[in-house]
Every structure is written in structure tokens, then in C-alpha cells.
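Worksheet for the structure shown next.
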Amino acid sequence: MSRNLPVNAGRIAEDIEALADITEPGRPWTRRAFTPLFLEGRAHIEARMKAAGLETRIDAAGNLIGRRTGRKPWSGTIMLGSHSDTVPDGGRFDGIAGVVAALEVARSLHDHGLELDHDLEIVDFLAEEVSIFGVSCIGSRGMTGQLPEAWLSRVSGDLDLAGGIAQVGGEPDVLMQQKRSDIAGFLELHIEQGPVLEAEREDIGIVTAISGITRIEITVEGRADHAGTTPMDRRADALVAASQLVLDIRNAAAELARTPGHFAATVGEFRIEPNAANVVPSKVVLRIDGRAEIRADMEAFCRWLDGHVEKLATAYGVTIGIPNRVSDNLPTPGDAGLLSTLETACERVGAKYRRMASGAGHDTAWIAKVAPAAMIFVPCRAGRSHCPDEWADNDDIALGAAVLFQAVREMDKDSKREKADGTHTG
Ligand SMILES: [Zn+2]
């Protein structure tokens with residue numbers, strides 16, 4: 001890349017490679033939260049934070065934070081971050097690219113001798129991925145007062161989550177009283193984990209919204225019968241009805257996906273009983289994972305589903321329970337002001353960008369509940385992620401870091417503008 005960026009691409013590559021080396025031997029790339037390797041990765045990040053002149057600490061929720069004090073700390077904190085934990089057999093970039101890019105922004109400000117009015121914090125959020133405790137986004141929920149207290153007693157082996165948080169240096173005893181109120185703005189860089197940017201040759205995705213996630217469980221009950229002797233027209237085959245349902249869900253989701261706003265629905269869990277070759281299936285339990293950028297789409301999907309299962313039950317002579325919404329999260333729109341700040345930043349560094357939704361969940365969704373927050377995507381090869389093939393070109397990450405760098409400078413100006421517009425109340 002011949003662009004003259006305000007960040008150093010070589011340092012980004014070095015850090016990503018150094019973290020990639022910290023993995024379970026013979027199982028690249030695995031550095032799960034609450035393991036000794038995770039702490040080793042964090043020790044590296046903390047050392048790099050210190051070298052960049054940041055003051056480091058672990059907050060009550062177990063987040064690693066590097067801080068640089070601003071000239072007018074009362075303006076609030078500009079926060080950048082992502083996560084350094086991986087899924088088992090994951091990639092080198094998911095989360096890590098965002099932590100390293102954020103760190104590079106701090107280093108570059110330092111190199112350019114640029115002081116900010118705001119305090120700046122670089123955050124490695126604890127356990128963004130589903131951890132050994134079976135839940136995700138522990139650090140970002142904890143920092144913002146959204147960690148359900150009951151989760152602290154979730155157990156894995158002989159450790160509970162409270163103990164896990166304490167082991168990484170957090171303070172589970174005071175965690176429930178935490179809720180940051182000083183965040184003036186939050187930005188996260190992340191690999192897209194999808195194929196759009198690469199296919200459309202865009203440099204940056206400005207994330208309009210993080211899709212809401214709705215999980216729905218459906219039970220189909222038929223009747224077990226002898227597979228050899230029961231005539232085809234006298235069966236109540238739960239699997240046949242459930243199979244039809246899966247296809248219809250796919251078609252309904254595809255239709256919603258063609259309208260504006262990201263939408264996807266997947267039947268990813270499917271249990272069949274009695275699951276024997278010579279018995280007509282008596283019961284199927286399936287689970288839908290639905291993602292919607294626009295809440296009305298999810299409502300429309302659920303209404304369709306409720307009506308459709310009744311029709312299918314009649315048509316196939318089976319019983320289908322009312323679809324049960326096991327969990328239901330609303331979409332999180334990116335902060336409108338930050339989205340336009342990010343567009344300005346892209347233009348400043350000469351990055352081609354498009355607006356797009358995130359189908360995946362991210363720490364940003366939790367921070368957005370308490371502060372203006374937004375995120376950017378950088379391209380990744382063939383959209384592959386959560387697997388060892390995950391790859392993002394270093395130049396693309398560096399360009400993303402440059403966008404963050406410019407956006408931070410814009411955000412810092414914004415506070416001055418607000419102050420200038422404000423009346424002089426002494
Ligand atoms: Zn991630």
C-alpha cells in the first residue's frame with residue numbers, strides 16, 4: 001500500500017503475529033478466556049500498552065484497560081476496544097485486530113505528540129466469545145451494569161464465574177455496582193466475518209446496526225409407529241412435518257432478506273426421537289436462530305411462524321407447540337453522530353466505505369446501552385471466521401486503524417464544539 005497513513009502498519013502486523021504465537025500448541029488458534037494462555041496474551045498486550053505510555057489496570061469486570069489522560073478529563077472518555085479471547089480452533093483476527101488497531105491509535109497519537117482533550121482508553125474486553133461458562137460478552141456487560149448477577153455463580157469444573165473474574169484480576173464483589181457513565185464515545189474495529197466487503201472491493205464497512213438475536217424453540221409431536229407396517233397414509237410423522245417447517249423457515253427468511261435491512265434465520269439445532277431406523281419419528285425439537293437489523297422484520301417473522309405452524313400441524317396430522325421465544329434481543333443501531341464521524345474519517349484517509357449491518361453480536365452492542373457507540377468492519381478473506389482459515393490483510397487492518405485514528409481526532413473536536421456552543425454558565 002502506498003498510502004501515507006497516520007498509523008504504523010508494521011507494528012500492527014508484529015502484534016498480531018505475537019498474539020498468534022500465544023496459542024494452544026498444535027491447535028491454532030486457541031486462546032480462550034480464563035486460561036493461562038489468555039493471561040499470557042494479556043501480559044503481551046499490557047506490556048505494549050505500557051510501552052505506548054498508557055497507564056494500565058484491570059477493572060472490576062476483568063477488562064484490561066490502558067488509559068491516557070486528556071487535557072480536559074471532564075469532557076469524558078473516548079474508548080476504543082475489542083477482545084483478545086478466541087473460540088476453540090479460531091482465528092488470528094477476530095477481536096484481536098480491534099484490540100491491536102486501538103492500541104496502534106494510542107501509539108500513533110503518542111508518536112505524533114498529539115494530546116487529546118478527552119481521556120482515551122484502550123480496552124481488551126473479557127470473554128467476548130462464549131466461554132467455559134457458556135455465556136458471552138462478560139466484560140462489556142459487566143462494565144455497563146448489564147451482567148445478570150446469577151451468572152456469577154455459573155460453574156465450569158470447580159470454578160465459578162466470580163472466581164474466574166477474580167483470577168484475571170477483576171473484582172466480582174463490587175462488579176454489580178459498576179456502570180460506566182463517563183464514556184463520551186466508543187468505537188470498535190472488527191473483521192467483517194462475512195464476504196461483502198471483499199466481494200464489493202470496499203475498504204471499510206460502517207456498521208449501521210448490530211442485529212438483534214431471537215432464539216425460538218419449536219416442538220413437533222407426532223406418533224411413534226412401526227416403520228415397516230404402518231401404511232404411509234396413516235402416519236403422524238413428526239420429522240416429515242418438521243422438515244417441511246425447516247424449508248418454509250428458510251424461504252420466509254430469504255423473502256425478508258430481500259427487503260431492506262439484514263435478516264437471517266437458521267435452524268441450527270434439531271433433535272429427533274426416538275431416532276431409530278425402524279420407528280416413525282414421534283418428536284422433533286428444533287431451535288431457530290433469527291437475526292434482524294430491523295425489529296419489525298423479526299416481529300413479522302414471528303407472526304408468520306405462529307400462524308404457519310398451526311397450518312402445518314393440521315396438514316401433517318401432528319401437534320406443534322406455540323413457538324417459544326427462548327431469548328430475544330433488540331437490534332442495536334450505531335450512534336448517528338458517530339456514523340457520520342466515521343464517514344468523515346474514511347474520506348480523510350481515502351478509504352472506500354459502505355454502510356452495512358452486523359449479523360454477529362459484538363461488545364459494542366453492550367456499550368451502546370450506556371454511551372454513543374459504533375463500529376467499523378475491515379474485509380476478511382472469503383468471509384471466513386471462527387476457524388483457522390480466518391484471514392485479514394494487514395494493509396486492510398492498518399487502513400481501518402487509520403480511520404479510527406481520524407475518528408478519534410474528530411470526536412475530540414466535537415467536545416470542543418459542544419463546549420463552544422454551550423452557554424457560559426460559569
Ligand atoms: Zn469478535
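Counting convention: from 1, in listed order, for ligands and their atoms alike.
- In the model, H83 has a side-chain atom that pairs as donor or acceptor with a side-chain atom of E128 under 3.5 Å.
- For E129, every N, O or S atom stays at 2.8 Å or more from the Zn ion (ligand 1).
- The Zn ion (ligand 1) has no N, O or S atom of H362 closer than 2.8 Å.
- Between the side chains of E202 and Y353, no donor-acceptor pair of N or O atoms lies under 3.5 Å.
- Around CD of E149, the count of heavy atoms belonging to other residues, nucleotides or ligands within 6.0 Å does not exceed 12.
- Annotation: side chain of F270 is in contact with side chain of V246 (closest heavy-atom distance under 4.5 Å).
- Take the Zn ion (ligand 1) as the corner point: the lines to NE2 of H190 and to OD1 of D94 open at 90°, to the nearest 10 degrees.
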